[in-house]
Amino acid sequence: MSISSIPILTIVTFLPLIGGIVVAIAPERLARPIALGFALVTWVVSLLLLTGFIAGGDRGGLFQFVVAAPWIPVFGIQFKLGIDGLALILVILTTTLTWISILASFGPIKDRVKLYMLSFLILEVGLIGVFVSLDLFLFYIFWEIVLVPMYLIIGIWGGSNRIYATIKFVLYTLVGSLLMLVAILATGFAYQAATGSWANAFDFETLRAFATSPGGGFAGGLQVGAFLAFFLAFAIKVPMFPFHTWLPDAHVEAPTAGSVILAAIMLKLGAFGFIRFALPLFPGAAHTFAPAIIVLSLIAIIYGAIVALVQPDLKKLVAYSSVSHMGFVTLGIFVFNEQGMQGAILQMVNHGLITGALFLLVGVIYERTHDRTIAKMGGLSSVMPTYAVAFGFFAFASAGLPGLSGFVGEFLSLVGAFLFNPWVAVIATICMILAAAYLLWMYQRLFFGELSDFLRGVGDHLIDLTPIEVLTLAPLGALVVAFGIFPGLVLTLIDGSVQNVLHDVSTQAAVPLPPEAVAMAVIAIVAYVIARLAWVTYADTREASDAGALGSAAAGE
Amino acid sequence: WLFGAEIGRIRVLPRPERVSALTARVPFLYRASLNKWWFDELYHLLFIVLGGRVAAFLWWFDRRVVDGTVNALAGVTVGAGRGIRRIQTGRVQNYALGIAIGLIVMAGSFLYLAGR
Amino acid sequence: MIDHDVALILPLVAAIGAAIVVVLVDLVLPNRPSVAVGVSLIGLAVVALLTLAANQNPGEAYGGAYKVDALTTFLDLLFVAIIALTLVFAPDYLAPRGLPVAEFAVVLMFAMTGAMLIAASTDLLLLFLGLELMVLPGYMLAAFHKTDGYSTEGAIKYFLLGSFSSAIFLFGLSFVWGITGTTRVADVAAALTTVATMPGAFSPGLAMGFAFLTTGVAFKIAAVPFHYWTPDAYQGSPTPVTGYLSVGPKIGAFALILRLFVEALAPLRGDWLPVVIVLATLTMTVGNLIALTQDNVKRMLAYSSIAHTGYMLVGLAAYAGGQQLGLEGLLFYAAAYSFMNLGGFAVIAAMQKRAGVTSSLDTFAGLGRREPLLGALMTLFLLSLTGIPPTAGFFAKALVILAAVQAGGWVSFLAVLAVINAAIAAFYYLRVVVYMYMREATTDAEPPRHGRLLWSGLAVATALTILLGFFPFLITGIINQAATAIGG
């Protein structure tokens, strides 16, 4: 196989970096085409991976295209890349959405184009790097690299409250990921302490073999601590309830393409981290915490959907729907069965495609009206018919319409949940109804009825989709249909990864926790929530009584 | 027809027999998907109860309790900084006093450590 | 052939000689900043070469009072680099304000001599001598802008409190001398080994000695609660001086800690470990919390330098907890911190080229647009100070944290505390980035032109910040030797 004789993964990972350097050197007016060019070439190269990837049988779960070189030999840290089916599909998702995002930014971004394109290309390096790293230390480095360009993208080209949103985003993620750094170092050291050698101490495959060896694995205490740290980092990224509040802020303030990448790829980093690292390395602790994580996922599914119902801002609505949809992902992962895991991964891909498209669509209307308030819209289908069709298509896909890809992932997750516990599935199913509710309601308010006064005021700017916008949406739509009709396309690719991680998880039973500690933690959380509720209610009433009748009316919004 | 499509999807599942068993075990869900005459109740539940009161409460909860906690953490951190900042009075005699107190505490702790 | 003893102290002699040469050159060609800097740089290069030459044939000199080992070499080279970078960054700031560059160079090089003496001393009295030789020029530098009220005020505070702490430190030395009966580091260590093995032998007198010594060095490295002088002295001093003060004397004082605590007092490290843990906790947390509330970048960096002291103390604690890796982390941190912090201060100094420009956050507004290169470099240094990979600052933190995790016990708690602090620090470092890139400039004045010297210095600092992040093994070898030399 000629493809596997060249270091193709290294090329895919660092091609955008070279693009970034070229963009930085080239004059400002060339920034757009150069960035798009490099993104497209990266995309093509990443598609080449598909031709060389052997999916069937056992090979699909093995890491392929592996490149490895010692980097910091004293601690066994390597530069090691490799992909299995899961990583492959996420890499392709990343490269696809990156060029789409760059293309979608051609119109909206007029200021500091060079820096913008540079940020996007560096962002792509970080994202791909996270998916292909096979060394924990290297993984962490890519994980952190992602933060900086996103920080700039939201902070420079974002909306009015962008600085609050971007700092919140960075600090929130940083707290989680820095604790993960401690956990990574502790894991490597635990391996070194157990084997007496730093050789390959951060190598994922070595650590996984160690962690899942019969009768072996990491000590219970380390597993619990490290799993919690990994969990925090990943749960913030997913984001899982109750670590999700950075997401609506970040989405609302981010420029359209930033929202697309944020929703489509960055949220997947957390779910990917669970499947790739947290489960295989700490299977015992994963079993310990699985019930709690399932409960949190269920809360996220329902809570996100209900809160989405009342969002006045289009982007916020999609953001909360993301919380809900990503709940299916974590639910599917932590029920530890085949259908659940398959559903989770499918849902990751589908959510990437569908929500990415929805943010693009929201960006379209924002470009024309500079507003995203649902209440101001209405009757759009009469002036923008193509837009209405496209929006309808992706809204239905998001709601889980059978035949489109969103359905398969959620359905498989639900099957997995059902096999785990029927009641879990019943609760999660309610969400599918809620999702249909908020999406269709939003659609109705946007597109049906008379053209609203606000939109009338916009007048001639209200043109239908431009060719570039169609070009950005069409590939996503095609994939949504393709994966909806032939989910096997994805399922065969990821089958090996799914079997591997399920096998890894099955090697250990739950690490027992001291019941007193669990009870105290639960009591502390409940007590905190009650105290916070009481304090907030008290603060609200005091404010209301201070402000008089007018204030109390405002407080009861 | 919705469930019909689901059954059609089962073919791609690796273990169809488990899924069809599942369908048989929840006739309730199957019946519910056919019963259009629950629609009015559903509408009421969705848009009046959930979409109205429950959603309003949850959104309030989201902003004030969940997000409020995050912002409160940040606020407490900055507040702590403001508080501690006051030790920096700008007067050299206060600084010298601070160092002297630090020295005494240090001597005390070393005496304690030596006496262990 | 020259005497072996003389060969070993040759770098030190050369440093003093170079300083004198700069004085003489300034007499002949007065008010020629580029000449003064050029001659100084040549002198520093000679010192660096002689340091490397001395390392070829390491050993003790003058009856064991002076020692050249890997640690001496590493620290000497680091000091040379710090002084060279400071010198390169200074003229752009000093010249427009009419401050003499040659004098600045001379004072700096004398300070370097003191630091180099500390790095090579294996005698308590010589250590004290080196310490004073290092900090006295520091007082002068703080007051370098003598017509500026803040500069003088900061310098006087620094001087008064510094003398106070030096006296405390000397007092501590005398206790240790009195109890062990020797001032040689090796003999002190041997005497304390007996103390460590005999129950009840850790006498109150020795405890007092430890308390005085710890207080003295805690002041010099600006550890909380002995840090009071730092913000005032840093903010008042001319910016290049602040850059130097936040790095040079701090690392010099850490050299003192390595020679004194790690070498001489090592047998009792289990006893001073708890104190270091408390100091590290306070230093990291308080430094970061107060830095959070600052609106002046110089003052903010002053507090953040306190926090960085805390991270280095985590390395020391890890060593006291039984991990030699802690020392390696400390040394790597010292190097990384020097380059990124000096780089940051260089950017501030460059922006203040026009007299009257303050170092408040508003000055940085719109820098990313007005001076894209300067803004990008500042961002890099700030990211490195935060500890975002792939920068030197990240790897430094990772090493220190790894050592702390290995040490176990309460030191592991320091690892968690360190990363939480890093997250807090991210807020105030990134706030500068917010001003540079996300706010519009408050002034539309033409940005000043920066000298070629400054750019080349910035290039060096940038290269080192990035290189040490990507290829930390460039210096981990010598760091490992240095740590083995004292802690192995």
Side-chain angles (χ1 to χ4, degrees), chain B residues 14 46-47 50-116, chain C residues 153 156-161 164-165 168 171-172 195 199-216 218-219 223-232 268 270-275 278-279 282 285-294 299 303 420 423-424 427-428:
Chain B
L46 280 181
F47 295 102
L50 280 181
R53 286 181 288 255
V54 176
F57 168 75
L58 277 185
W59 194 27
W60 174 85
F61 181 83
D62 197 57
R63 280 171 302 145
R64 298 304 303 270
V65 177
V66 183
D67 198 30
T69 302
V70 179
N71 289 331
L73 266 178
V76 165
T77 314
V78 174
R82 293 235 164 77
I84 303 174
R85 190 184 172 173
R86 292 208 200 111
I87 56 172
Q88 207 71 30
T89 55
R91 290 170 205 279
V92 82
Q93 58 270 38
N94 296 0
Y95 296 173
L97 184 67
I99 291 173
I101 293 172
L103 177 61
I104 292 165
V105 173
M106 186 79 82
S109 35
F110 267 112
L111 284 171
Y112 166 76
L113 289 169
R116 270 192 311 191
Chain C
E153 183 192 331
I156 288 179
K157 285 178 184 167
Y158 185 23
F159 172 67
L160 283 174
L161 296 171
F164 186 35
S165 77
I168 292 172
F171 207 41
V195 172
F202 195 172
S203 64
L206 196 58
M208 291 304 284
F210 269 70
F212 281 116
L213 286 178
T214 315
T215 306
F219 176 92
V224 177
F226 307 101
H227 66 283
Y228 306 102
W229 58 278
T230 340
D232 295 7
L268 291 174
D271 291 298
W272 50 261
L273 169 65
V275 174
V278 173
L279 276 182
L282 283 176
T285 315
V286 172
N288 274 325
L289 284 179
I290 309 188
L292 217 52
T293 65
Q294 303 299 323
R299 206 171 164 88
Y303 281 109
I420 292 174
I424 297 176
F427 175 77
Y428 59 79

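Naming convention: chains lettered A, B, ... in sequence-line order (proteins, then strands); numbering from 1 in each chain. The analysis underlying the following values was restricted to heavy atoms, covering all of them including side chains, and did not include hydrogens, waters or symmetry mates.
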**Report entry** Part of C/F219 within contact of chain B (heavy atom distance under 4.5 Å)
**Finding:** side chain

Report task. Check each of B/D67, B/V66, B/L73 against B/V70 using the side-chain contact (heavy atoms from CB on, under 4.5 Å) test, and report the only one that passes. Result -> B/D67

Query raised in the report: Does any heavy atom of chain B fall under 4.5 Å from the side chain of C/I168, the backbone, both, or neither of them?
Result: side chain

Query - No-hydrogen, no-angle side-chain donor-acceptor test under 3.5 Å, B/N94 and C/Y228 - result: no

Query - Between OH on residue C/Y303 and CD1 on residue C/I290, distance to nearest 0.5 Å - result: 5.0 Å

Query raised in the report: Which bit of C/F210 comes within less than 4.5 Å of chain B, counting heavy atoms only: side chain, backbone, both or neither?
Result: both

Query raised in the report: Testing C/L289, C/T293, C/V224 for side-chain contact (heavy atoms from CB on, under 4.5 Å) with B/I84, which one passes?
Result: C/L289

Requested in this report: Go through B/R82, B/R91, B/M106 and name the one with the most non-hydrogen pairs under 4.5 angstrom from chain C.
Outcome: B/M106

**Report entry** Selection from B/I104, B/V105, B/T89, B/I99 maximising heavy-atom pairs under 4.5 Å formed with chain C
**Finding:** B/I99

Requested in this report: With a 4.5 Å cut-off on heavy-atom pairs, point out which of C/V275, C/L160, C/L268, C/T285 contacts chain B the most.
Outcome: C/V275

Query raised in the report: If we ignore angles and hydrogens, is there a donor and acceptor under 3.5 Å between the side chains of B/Y95 and C/D232?
Result: yes

Report task. Name the option with the most non-hydrogen atom pairs under 4.5 Å to chain C; the candidates are B/A80, B/A100, B/A74, B/G98. Result -> B/G98

Query raised in the report: Taking all non-hydrogen atoms of both residues, which atom of C/A211 and which atom of C/T215 are closest, and how far apart?
Result: O-OG1, 2.7 Å

Report summary line: Checked C/F427, C/F212, C/W229, C/W272 vs chain B; the most non-hydrogen pairs under 4.5 Å come from C/F212

